[in-house]
Asks: 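The following block contains the structure, expressed as structure tokens.
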Protein chains: 2
Amino acid sequence: MRGEFNKNEICEITVIHADIVDKVKKLMPEEEKLYDLAELFKIFGDTTRIKILCALLKSEMCVCDIAATLGMNQSAVSHQLRILKQSKLVKYRKDGKVVYYSLADDHVIKIFEQGFNHIEE
Amino acid sequence: MRGEFNKNEICEITVIHADIVDKVKKLMPEEEKLYDLAELFKIFGDTTRIKILCALLKSEMCVCDIAATLGMNQSAVSHQLRILKQSKLVKYRKDGKVVYYSLADDHVIKIFEQGFNHIEE
DNA sequence: TAAACGTATGAACAAATATTCATATATTTA
DNA sequence: TAAATATATGAATATTTGTTCATACGTTTA
């Protein structure tokens, strides 16, 4: 009874095709790289951030105008902008007390395109 | 003192560039589309699911082999496969009691590519 | 220089979600 | 047919995370 026996082992994982498991294990990218990839997509996995990025796709905007466009309060938008900034998806410039945000590069556009491709079919 | 006044209003959002806000509002995709886009990226925003997809990128695999490859228990993998299945990112076929999963189409590859492009610079 | 204003941020709270555990289901095999 | 096995799933728990509120910071202006 392998199941019962294995319950006290380090790991009760069963393997059916050891060859495939070995092959795929070798082909998998580094753990850290996959972690970073998930972290990146996590940024896109929030409606507020998607809306902000989508707005910046159309125009550079200041914080309060973004808030007005989305119908959200300034604080919520500011918090999310911080996350987008940390992920290097947006950049900003200051003009007096106004801070203008814009897309950091065109990766956002490409990622959006692929996303839309999937949901539109 | 507009700030204090507005605290009792429906909405205290300030607008600096009304023209830009109006323009961007018109150009924004439908709310529902953006929601769906965020939902899609949310799927990619989890390390376990990223690893599963990455494994399936290399080979069709059964549930327990995926679990063995990732060093996770069968239940956790099965739960995540259900989510991937619902999002139509993976498909499956049954052979006796074994269920084999594979990528539904090549959208996953494209989305991965764009993601890696961003983190690798 | 004091008030107003645009933005940033820490803390608190609420909601979402991933994993584990136990168990159910379905298929094969002895 | 009973036992073994591969997978699925509901419930519980723990963690993560988004929003709100209050307030701080930095800049402008009266």
Side-chain angles (χ1 to χ4, degrees), chain A residues 1-8 11-17 20-21 35 38-39 41-52 61-87 90 92-101, chain B residues 1-8 11-17 20-21 35 38-39 41-52 61-87 90 92-101:
Chain A
M1 282 190 276
R2 183 170 49 163
E4 275 186 29
F5 176 73
N6 278 342
K7 273 184 184 149
N8 297 321
C11 171
E12 55 171 316
I13 297 172
T14 309
V15 171
I16 295 183
H17 311 84
I20 291 184
V21 171
Y35 176 82
E39 287 302 301
F41 286 124
K42 204 174 285 181
I43 307 294
F44 286 87
D46 174 77
T47 313
T48 300
R49 286 190 295 265
I50 280 282
K51 284 178 184 168
I52 293 174
M61 293 179 88
C62 71
V63 179
C64 71
D65 285 352
I66 296 173
T69 303
L70 308 194
M72 298 188 64
N73 72 46
Q74 175 269 323
S75 179
V77 169
S78 193
H79 276 295
Q80 298 308 325
L81 281 170
R82 189 169 56 83
I83 294 174
L84 292 170
K85 200 163 47 180
Q86 284 170 347
S87 316
V90 303
Y92 67 97
R93 66 180 176 88
K94 287 183 79 169
D95 181 15
K97 48 191 169 178
V98 183
V99 181
Y100 293 92
Y101 283 85
Chain B
M1 281 191 276
R2 184 168 51 161
E4 274 185 29
F5 176 73
N6 277 343
K7 274 185 184 145
N8 298 320
C11 172
E12 55 171 316
I13 298 172
T14 308
V15 171
I16 295 183
H17 311 84
I20 291 184
V21 171
Y35 177 82
E39 287 302 302
F41 286 124
K42 204 173 286 182
I43 307 295
F44 286 87
D46 173 78
T47 313
T48 300
R49 286 190 295 266
I50 280 281
K51 284 178 184 168
I52 292 175
M61 292 180 89
C62 71
V63 179
C64 70
D65 285 353
I66 296 172
T69 303
L70 309 193
M72 298 188 64
N73 72 48
Q74 175 269 323
S75 181
V77 169
S78 193
H79 276 294
Q80 297 308 325
L81 281 170
R82 189 169 55 81
I83 294 173
L84 291 170
K85 202 162 47 180
Q86 284 169 348
S87 316
V90 304
Y92 67 97
R93 66 180 177 88
K94 288 184 79 169
D95 182 16
K97 49 189 169 179
V98 183
V99 180
Y100 293 92
Y101 283 85

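If you're wondering where the values come from, they're calculated on a predicted model, not measured in any experiment. Computed over heavy atoms, backbone and side chain alike; hydrogens, waters and symmetry mates excluded. Each chain gets a letter, A, B and so on, in the order its sequence line appears, and its residues count up from 1.
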Asks: Answer yes or no: does a side-chain N or O of A:Y101 lie under 4.0 Å from OP1 or OP2 of C:dA8?
Replies: yes

Asks: Take atom CG of A:N73 and atom C1' of D:dT23, then tell me their distance rounded to the nearest Å.
Replies: 14 Å

Asks: Write down the distance between NE2 (B:H79) and P (C:dA22), rounded to a whole number of angstrom.
Replies: 14 Å

Asks: Can you check the A:Y35 OH to D:dT16 P distance for me, whole Å?
Replies: 9 Å

Asks: Take A:Y101 and A:K85 through the side-chain contact (heavy atoms from CB on, under 4.5 Å) test and state the conclusion after the steps.
Replies: CA-CA 9 Å; A:Y101 283 85; A:K85 200 163 47 180; 3.5 Å; yes

Asks: Ignoring backbone atoms, test whether B:K97 places a side-chain nitrogen or oxygen under 4.0 Å from the OP1 or OP2 oxygen of C:dT25.
Replies: no

Asks: Please confirm whether the shortest side-chain N or O distance from A:Q80 to OP1 or OP2 of D:dT19 is below 4.0 Å.
Replies: yes

Asks: When you measure from the side-chain N and O atoms of A:S75 to the phosphate of C:dA8, is any distance below 4.0 Å, counting only OP1 and OP2?
Replies: no

Asks: Can you check the A:M72 CE to D:dG18 P distance for me, whole Å?
Replies: 11 Å

Asks: Using atom OH of B:Y92 as one end and atom P of D:dA8 as the other, report the distance to the nearest whole Å.
Replies: 8 Å

Asks: Looking at D:dG18, I'd like to know if its phosphate oxygens (OP1 or OP2) sit under 4.0 Å from a side-chain N or O belonging to A:R49.
Replies: yes

Asks: Is the A:F41 ring parallel, tilted or perpendicular to the B:F41 ring (thresholds 30°, 60°)?
Replies: parallel

Asks: Closer than 4.0 Å, any side-chain N/O of A:K94 to the OP1 or OP2 of C:dT7?
Replies: no

Asks: Might you work through the side-chain contact (heavy atoms from CB on, under 4.5 Å) test for A:F44 and A:R49, ending with a clear yes or no?
Replies: CA-CA 7 Å; A:F44 286 87; A:R49 286 190 295 265; over 6 Å; no

Asks: Please step through side-chain contact (heavy atoms from CB on, under 4.5 Å) for the pair B:I66 and B:L81, ending with a clear verdict.
Replies: CA-CA 10 Å; B:I66 296 172; B:L81 281 170; 4.2 Å; yes

